[in-house]
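Quick note: numbers below take in every heavy atom, side chains included, and nothing from hydrogens, waters or symmetry partners. None of these values were measured; they are calculated from a predicted model.
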Amino acid sequence: MTGHDTRTAAVEVFADRTATTRHLADWLLEQALNKTSGPFALALSGGSTPQALYSLMATEPYISRFPWARMHFFLGDDRFLPHDHKDSNFGMLQRLLFSKAPIPAANIYPIAGTGTAEEAAHSYEAQLKQFYGADRFEADRPLFDVNLLGLGADGHTASLFPGQPVLQEKTAWVAPCIPPVAPYTRITLTYPAIHASKHVVFLVEGAGKKETVAKVRALDPSCPASQITAMGEVRWLLDTAAAPSA
């Protein structure tokens, strides 16, 4: 039984990136097809690890089978940059998936890269609330069907970095964050918004993440990812290198 937090979450381990990616693509397709009424909302992560997934979704047989017209795509976080910047998560998703799959333009929700970071966060939160149809989350009514997350070596996920004020946010759904060392301001979903998910999936690869995975699963308070919870389930998809020793 998959748990609601990172400690009780089910762990699935795969031999390599190819196996992990195909499993996740198949699982996402199953989830999308099984939801036959209403939109299917996904929050996608940036970074290098999920890029193989996005590329795979834009190829056969997946591109012909996903119910793109019912799918709505959000970002878990992004750098506060123009969308054509090489480090923009939205730009990456546009290149690998959005420009290739037959997704209605209205079903794609980028985070603004102009104005101020505070304005971009407020605007994105307003979009989420309009999509959700309420200004506050209701128990057992998720905003996202699937929220895909990565994990940094420092224990961050989305743009929830150690020691940052955003970790204390209890009411806002979206907030700006300035990472301790990274050069760009970020816009990120907060803990409450991530919690409003039917499925939270951590996709993690590489031996460099093995120790961090163990810490997060032990609810180490130094790792922001330790505090991730879901209305529904949290699950881990790991390659063998990232999997903690038994």
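- Annotation: the span from Arg217 atom CZ to Asp5 atom CG amounts to 9.0 Å, rounded to 0.5 Å.
- For Asp145 (side chain) and Ala41 (main-chain N/O), a donor-acceptor pair under 3.5 Å exists by modelled atom type.
- Put simply, the side chain of Ser64 never gets that close to the backbone of Pro61: no donor and acceptor are under 3.5 Å apart.
- Distance OH/Tyr109 to OH/Tyr124: 9.0 Å, rounded to 0.5 Å.
- Qualifying side-chain hydrogen bond (donor to acceptor under 3.5 Å, both in side chains) partners for Ser222, counting only residues two or more places apart in sequence or in other chains: Asp220.
- Applying the ring-ring contact (aromatic ring centres under 6.0 Å, His included) definition to pairs two or more places apart or across chains, those involving residues 198-218 are Trp27-His199, Phe202-Trp236.
- Residues satisfying the salt bridge (charged side-chain N to carboxylate O under 4.0 Å, His left out) test with Lys129, not counting sequence neighbours, are Glu125.
- Within a 6.0 Å sphere centred on CD of Gln130, heavy atoms belonging to other residues, nucleotides or ligands number 12 at most.
- Arg17 meets the side-chain hydrogen bond (donor to acceptor under 3.5 Å, both in side chains) test with Glu205; sequence neighbours excluded.
- No side-chain heavy atom of Pro39 sits less than 4.5 Å from a side-chain heavy atom of Arg70.
- Contact annotation: the side chain of Arg7 never approaches that of Val216 to less than 4.5 Å [non-hydrogen atoms, C-beta and beyond].
- Counting only distance, with no hydrogens or angles, the side chain of Asn147 and the backbone of Val200 share no donor-acceptor pair below 3.5 Å.
- Counting only residues at least two apart or on different chains, the salt bridge (charged side-chain N to carboxylate O under 4.0 Å, His left out) pairs with a member in residues 73-88 are Asp77-Arg186.
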**OP:** Applying side-chain contact (heavy atoms from CB on, under 4.5 Å), run through Leu148 and Leu42 and close with a yes or a no.
**Re:** CA-CA 8 Å; Leu148 183 62; Leu42 300 93; over 6 Å; no

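- Residues forming a side-chain hydrogen bond (donor to acceptor under 3.5 Å, both in side chains) with Lys198 (at least two apart in sequence, or on another chain): none.
- The aromatic rings of Trp173 and Phe137 sit parallel to each other, their planes meeting at less than 30°, with 60° as the upper class boundary.
- Using a distance-only test at 3.5 Å, with no hydrogens or angles considered, a donor-acceptor pair links the side chain of Thr212 to the main chain of Ala153.
- Shortest non-hydrogen contact noted between Ala158 and Gly76 is CB-O, 4.1 Å.
- How far CZ of Phe14 is from CG of Leu24: 8.5 Å, rounded to the nearest 0.5 Å.
- Side-chain atoms of Leu75 and Leu44, non-hydrogen and from C-beta on, never get closer than 4.5 Å to each other.
- Ser197 contributes a side-chain N or O that, together with a main-chain N or O of Ile194, makes up a donor-acceptor pair within less than 3.5 Å.
- Listed by chain and number, the residues in a side-chain hydrogen bond (donor to acceptor under 3.5 Å, both in side chains) with Thr229 are His195 (sequence neighbours excluded).
- Checked against salt bridge (charged side-chain N to carboxylate O under 4.0 Å, His left out), Glu138 has the following partners two or more places apart in sequence or in another chain: Arg141.
- Judged by distance alone, the side chain of Thr157 and the main-chain N or O of Ala225 form no donor-acceptor pair under 3.5 Å.
- Residues passing the salt bridge (charged side-chain N to carboxylate O under 4.0 Å, His left out) test with Glu211, sequence neighbours excluded: Lys215.
- Using a 4.5 Å heavy-atom threshold, the side chains of Pro180 and Gln164 count as touching.
- A heavy-atom distance below 4.5 Å is not found between the side chains of Thr21 and Ser55.
- Hydrophobic clustering of Ile, Leu, Val, Met, Phe, Trp and Tyr side chains at less than 4.5 Å, counting indirect connections, keeps Tyr191 apart from Ile178.
- Note on Val146 and Ile63: same hydrophobic cluster, where clusters join Ile, Leu, Val, Met, Phe, Trp and Tyr whose side-chain heavy atoms are under 4.5 Å apart, directly or indirectly.
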Original post:
Taking it one step at a time, do Leu167 and Leu160 satisfy side-chain contact (heavy atoms from CB on, under 4.5 Å)?
Top reply: CA-CA 6 Å; Leu167 303 182; Leu160 300 172; 3.7 Å; yes

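- Residues Val213 and Phe161 do not share a hydrophobic cluster, clusters being chains of Ile/Leu/Val/Met/Phe/Trp/Tyr side chains in contact below 4.5 Å.
- Applying the ring pair (Phe, Tyr, Trp, His ring centres under 6.0 Å) criterion to Phe80, with sequence neighbours excluded, gives no partner residue.
- Here ring-ring contact (aromatic ring centres under 6.0 Å, His included) pairs that include residues 82-103, with residues two or more places apart or in two chains, are Phe73-Phe98, His83-Phe90, His85-Tyr184, Phe90-Phe98.
- The line from NE2 of His72 to CZ of Phe144 is 12.5 Å long, rounded to the nearest 0.5 Å.
- Under a 3.5 Å cut-off, the side chain of Thr20 and the backbone N or O of Asp16 do form a donor-acceptor pair.
- Leu28 places none of its side-chain heavy atoms less than 4.5 Å from the side chain of Val201.
- Of all the heavy atoms in Ser226 and Thr6, the pair that sits closest is O-OG1, 3.5 Å.
- How far CG of Leu238 is from CD of Glu12: 9.0 Å, rounded to the nearest 0.5 Å.
- The backbone N or O of Thr171 sits less than 3.5 Å from a side-chain atom of Glu169, completing a donor-acceptor pair.
- The shortest heavy-atom contact between Ser159 and Val166 is O-CG1, 4.3 Å.
- You'll find the side chain of Leu128 reaches within 4.5 Å of the side chain of Leu143, heavy atoms only.
- When all heavy atoms are compared, the tightest approach of Met57 to Leu97 is CB-CD1, 4.0 Å.
- Taking 4.5 Å as the limit, every side-chain heavy atom of Thr188 sits out of range of all side-chain heavy atoms of Val174.
- Legend: ring-ring contact (aromatic ring centres under 6.0 Å, His included) pairs involving residues 30-66, not counting sequence neighbours, sorted by first then second residue: Phe66-Trp68.
- Interatomic distance, CG of Leu237 versus OG1 of Thr49, reported as 11.5 Å (0.5 Å rounding).
- No continuous path of hydrophobic side-chain contacts links Val11 to Leu219 [ILVMFWY only; heavy atoms under 4.5 Å].
- The cluster map of Ile, Leu, Val, Met, Phe, Trp and Tyr, joined by side-chain heavy atoms under 4.5 Å apart, puts Ile111 and Met92 in the same cluster.
- Smallest separation of non-hydrogen atoms from Leu96 and Ala58: O-CB, 3.5 Å.
- Side-chain atoms of Asn34 come within 3.5 Å of backbone N or O of Glu30 as a donor-acceptor pair.
- In this structure, Thr190 contributes its side chain and Ala172 its backbone to a donor-acceptor pair below 3.5 Å.
- Residue Ser88 comes nearest to Gly91 through the heavy atom pair OG-N, 3.0 Å, listed as atom of the first residue, atom of the second, then distance.
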